[in-house]
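Beneath this line is the structure, given in structure tokens, with notes to follow.
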Amino acid sequence: MTEPVLVFGSNLAGHHGKGAALWARQHRGAIYGQGTGLQGNSYAIPSKDAQLRTLPLAVIARYIDTFLAFARSRPDLTFQLTPIGCGLAGYRREQIEPMFASAPTNVLWPTEWR
């Protein structure tokens, strides 16, 4: 069985230096310098800009929508969400979790959510 694609919060500069982003770089093929999308066995959703400032919720929502469309287009893959935006970006679960409400069944939720 293939490991799920790890979906982690990133920054637009792709500096995967802390938290789940660092783990994704060390263990799942996340590419330093690439802040969005599929990379190795991971998928980056930005929650910070290139200067490492937290992105507005509306901007994060657009990146989440892009991810959800990608997940729907790849039913052959399973995606494991991390609590995106709820660590270094400083948002609360209640602010981010609803953005994933339309997630397809191949997206696995973090144990901290739901």
Could you report the tightest heavy-atom contact between [X] and [Y], atom names first, then the distance?
{"X": "S47", "Y": "G85", "value": "CB-CA, 4.0 Å"}
{"X": "G9", "Y": "A21", "value": "O-CB, 3.7 Å"}
{"X": "G35", "Y": "P46", "value": "O-CG, 3.5 Å"}
{"X": "N106", "Y": "P75", "value": "ND2-CA, 3.8 Å"}
{"X": "A30", "Y": "H16", "value": "CB-CD2, 3.9 Å"}

Can you confirm whether [X] sits close enough to [Y] that some side-chain heavy atom of one is under 4.5 Å from a side-chain heavy atom of the other?
{"X": "M99", "Y": "L57", "answer": "yes"}
{"X": "F67", "Y": "V107", "answer": "yes"}
{"X": "D49", "Y": "N11", "answer": "no"}
{"X": "L81", "Y": "P110", "answer": "yes"}
{"X": "L77", "Y": "T2", "answer": "no"}

Which value, rounded to the nearest 0.5 Å, describes the distance between [X] atom [atom1] and [Y] atom [atom2]?
{"X": "H15", "Y": "Q34", "atom1": "NE2", "atom2": "CD", "value": "13.0 Å"}
{"X": "I45", "Y": "T66", "atom1": "CD1", "atom2": "OG1", "value": "9.0 Å"}
{"X": "L55", "Y": "L52", "atom1": "CG", "atom2": "CG", "value": "10.5 Å"}
{"X": "F100", "Y": "D65", "atom1": "CZ", "atom2": "CG", "value": "9.5 Å"}
{"X": "R53", "Y": "L12", "atom1": "CZ", "atom2": "CG", "value": "10.5 Å"}
{"X": "W113", "Y": "C86", "atom1": "CH2", "atom2": "SG", "value": "5.0 Å"}

Task: Evaluation steps, side chain to side chain contact (heavy atoms under 4.5 Å, CB included), between I84 and V7 - done: CA-CA 8 Å; I84 290 156; V7 183; 3.6 Å; yes
Task: Audit row: L68, R72, side chain to side chain contact (heavy atoms under 4.5 Å, CB included) steps and yes/no - done: CA-CA 6 Å; L68 292 174; R72 281 186 208 95; 3.8 Å; yes
Open item on the list: Please determine whether side chain to side chain contact (heavy atoms under 4.5 Å, CB included) holds for the pair F79 and L6, giving the CA-CA distance in whole Å, both sets of side-chain angles, and the decisive distance to 0.1 Å.
Closed with: CA-CA 6 Å; F79 298 90; L6 182 73; over 6 Å; no
Open item on the list: Measuring centre to centre across the rings, with the benzene-like ring taken for any Trp, is F8 within less than 6.0 Å of Y43?
Closed with: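 Not close enough - the centres of the two rings lie 6.0 Å or further apart.
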Task: Cationic N near anionic O, under 4.0 Å, E3 to R28 - done: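 Yes, charged N to carboxylate O under 4.0 Å.
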Open item on the list: With clusters defined by side-chain heavy atoms of hydrophobic residues (ILVMFWY) lying less than 4.5 Å apart, directly or transitively, does I60 cluster with W109?
Closed with: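 Result: yes, single cluster for both.
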Open item on the list: Are F70 and V59 connected into the same hydrophobic cluster when the rule is that any two of I, L, V, M, F, W, Y join if their side-chain heavy atoms are below 4.5 Å apart?
Closed with: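 The answer is yes; both residues are in one hydrophobic cluster.
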Open item on the list: For the backbone of A20 and the side chain of T82, can you confirm whether one donor and one acceptor N or O come within less than 3.5 Å of each other?
Closed with: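 Pair absent, no side-chain N/O of T82 close to backbone of A20.
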Task: Under 3.5 Å donor-acceptor, E97 side chain and E94 backbone - done: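 Flag not set: sc E97 to bb E94 has no pair under 3.5 Å.
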Open item on the list: Checking side-chain polar atoms at under 3.5 Å, does S10 have a donor or acceptor matched by the opposite partner on R25?
Closed with: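 Checked: S10/R25 side chains show no N/O donor-acceptor pair below 3.5 Å.
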Open item on the list: Show, in sequence, the C-alpha distance, side-chain angles and deciding distance for Q80 and V5, and conclude whether the side chain to side chain contact (heavy atoms under 4.5 Å, CB included) test is met.
Closed with: CA-CA 6 Å; Q80 178 63 64; V5 175; over 6 Å; no
